[in-house]
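Note that the coordinates shown come from a computational prediction; the quantities given were computed from them, not determined experimentally.
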Amino acid sequence: MKIATIVGARPQFIKAAPVSRELRKHHQEIIIHTGQHYDYNMSAVFFEEMDIPRPDYNLGVGSGNHGWQTGRMLEGVEEVLLKESPDLVLVYGDTNSTLAGALAASKMHIPVAHVEAGLRSYNKRMPEEQNRVLTDHISSLLFCPTETAVQNLHREGITTGVYLVGDVMYDALVYNLAIAREKSDILERLQMFPGEYVLATVHRAENTDDLANLQNIVEALTRIDSPVVFPLHPRTKARLIEADLLNFLEVNDCVLLIPPVSYLDMLVLVSNAEVVLTDSGGVQKEAYILGVPCITLREETEWVETVAAGWNILTGTRPEKILSAIMRMRSTDLPERKPVFGDGQASMKIISILSRNFE
């Protein structure tokens, strides 16, 4: 069977790695990289570090407004699908690359399989929510990471082709954690010590494109009484410069601004942090799996299991609420974590189901 895998953004490279490794034992894979993330630290380093085969096609779309970007991707993916005629298109997550790949395949009557299906924030202003809902409703196979995701789909009338497989990011973490601890020297380079720093990541449009939210986050980071390691996403850096906030962070002795880091370095940073502050769904999951308290800089999350378990607090961007949540995490004995993201075998289950359905 010939399968076309569509990726374009950093989280998708991480998710695709374990699936691709398993897929190529049984089937032919063509990787189409939309170029949504194109900076070396956001793209190429992941293919090198995680031993993902180099993309067969790189559309080089780059960044831009949502409609323009999705349209360019749709056009480029369609051209490749016409040339390659795959039996199935595999998409991941909730980015514009996800939606463009699913739409191109659906319009050509090629079955779509969606990895990480069924997630819902129920905030339709989020581009990610729009992408994931639309993708789910045109997919033939929906691979859910959690039971909550399965139930979300059922409530929307999607019951056929739905499978609970676990989370492929858990697969990737299990595979790479020992490698990261052996190879990464990120703590030595930053002169940080385990459990003595806060890790912050910010990239979602609701925070980077809203000046009030961005100002609040900056204020909170500068008031934390521990060193803060802050890898800067390119979009975040651009917005900080536009808002004249970057210099404010740069002169603060407690906030260490660094370029985007590789996956292995990120695993080491997350696993050794005292607390993680983030608006990233992937980082929320990694923190939970690694046993690190997380504070989510949003009003809602797709990963409700981490909140229900007491390991994740939703604060939005209000500084006082963020600082209070940090103090709460420091002073609370957190409960035992349940294995809500599966058993680390999601990739194997996905390929088994694909093989049964299309051979």
Any idea which heavy atoms bring [X] and [Y] closest together, and the distance?
X	Y	value
Pro319	Arg223	CB-NH1, 4.0 Å
Gly8	Ser97	CA-OG, 3.6 Å
Ile350	Val165	CG1-CG2, 4.0 Å
Pro18	Lys15	CD-O, 3.3 Å

Got a donor-acceptor contact below 3.5 angstrom from the [X] side chain to the [Y] backbone?
X	Y	answer
Ser324	Glu320	no
Thr222	Val218	yes
Ser139	Ala113	no
Asn65	Gly67	no
Gln151	Thr148	no

Check salt bridge (charged side-chain N to carboxylate O under 4.0 Å, His left out) between Arg328 and all other residues, then give those that pass, not counting sequence neighbours. none
Can you list everything that forms a salt bridge (charged side-chain N to carboxylate O under 4.0 Å, His left out) with Lys285? Sequence neighbours excluded, please.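 Testing Lys285 for salt bridge (charged side-chain N to carboxylate O under 4.0 Å, His left out), a comparison that skips the adjacent residues, returns Glu116, Asp167.
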Side chain to side chain contact (heavy atoms under 4.5 Å, CB included) evaluation trace for Val7 with Ile32: CA-CA 6 Å; Val7 293; Ile32 306 169; over 6 Å; no
Please check if any side-chain donor atom of [X] sits under 3.5 Å from a side-chain acceptor atom of [Y], or the reverse.
X	Y	value
Thr278	Gln284	no
Arg204	Asn207	no
Thr296	Asn312	yes
Gln215	Thr317	no
His27	Ser355	yes

Residues in side chain to side chain contact (heavy atoms under 4.5 Å, CB included) contact with [X], at least two apart in sequence or another chain:
X	answer
Leu334	Pro293, Trp311, Met329, Thr332
Arg318	Glu299, Lys321
Asp333	none

Report, one line per pair, each donor and acceptor closer than 3.5 Å where one atom sits in a side chain of residues 129-138; sequence neighbours left out.
residue, atom, partner, partner atom, Å
Glu129, OE1, Ser121, N, 2.9
Glu129, OE1, Ser121, OG, 3.1
Glu129, OE1, Arg132, NH1, 2.3
Glu129, OE2, Ser121, N, 3.4
Glu129, OE2, Tyr122, N, 3.0
Gln130, NE2, Lys124, O, 2.8
Asn131, ND2, Asp94, O, 3.1
Asn131, ND2, Thr95, O, 3.3
Asn131, ND2, Asn96, OD1, 3.1
Asn131, ND2, Pro127, O, 3.4
Arg132, NH2, Asp94, OD2, 2.7
Arg132, NH2, Glu302, OE2, 3.3
Thr135, OG1, Asn131, O, 2.8
Asp136, OD1, His114, ND1, 2.6
Asp136, OD2, Gly118, N, 3.0
Asp136, OD2, Arg120, NH1, 2.9
Asp136, OD2, Arg120, NH2, 3.0
His137, NE2, Glu156, OE1, 2.9

Heavy-atom count around Phe248 CZ within 6.0 Å, excluding the residue itself: above 12?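 At most 12 heavy atoms, drawn from other residues, nucleotides or ligands, come within 6.0 Å of this atom.
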Listed once per pair and sorted, the side chain to side chain donor-acceptor pair (under 3.5 Å) pairs that draw on residues 168-182, sequence neighbours left out: Asp171-Ser347
How does the hydrophobic cluster around Leu153 look, that is, which other residues are in it when side-chain heavy atoms under 4.5 Å mark a link? Leu142, Val150, Ile158, Val162, Leu164
Please list all pairs meeting ring-ring contact (aromatic ring centres under 6.0 Å, His included) that have one or both residues in residues 67-104, counting only residues at least two apart or in different chains. none
Does anything in residues 314-342 pair up under ring-ring contact (aromatic ring centres under 6.0 Å, His included), and if so which pairs, sequence neighbours excluded? Tyr288-Phe341, Trp303-Phe341
Kindly list each side-chain donor-acceptor pair under 3.5 angstrom involving residues 190-198, sequence neighbours excluded, with atom names and distances?
residue, atom, partner, partner atom, Å
Tyr197, OH, Leu269, O, 2.7
Tyr197, OH, Ala273, N, 3.4

State whether Asp210 and Arg239 are salt-bridged, where the test is any N-O pair (Lys NZ or Arg NE/NH1/NH2 against Asp/Glu carboxylate O) under 4.0 Å. no
I would like to know whether Leu187 and Asn272 meet side chain to side chain contact (heavy atoms under 4.5 Å, CB included); could you show each step before the answer? CA-CA 9 Å; Leu187 294 185; Asn272 287 284; 3.8 Å; yes
Criterion side chain to side chain contact (heavy atoms under 4.5 Å, CB included) on Arg21 and Ile52, from CA distance to verdict: CA-CA 8 Å; Arg21 201 160 37 240; Ile52 308 170; over 6 Å; no
Taking only distance into account, with no hydrogens and no angle test, what donor-acceptor pairs under 3.5 Å do side-chain atoms of residues 78-85 form with protein atoms, sequence neighbours excluded?
residue, atom, partner, partner atom, Å
Glu84, OE1, Lys2, NZ, 3.2
Glu84, OE2, Tyr57, OH, 2.4

Verdict with supporting geometry, Val112 and Leu141, side chain to side chain contact (heavy atoms under 4.5 Å, CB included): CA-CA 7 Å; Val112 177; Leu141 294 174; over 6 Å; no
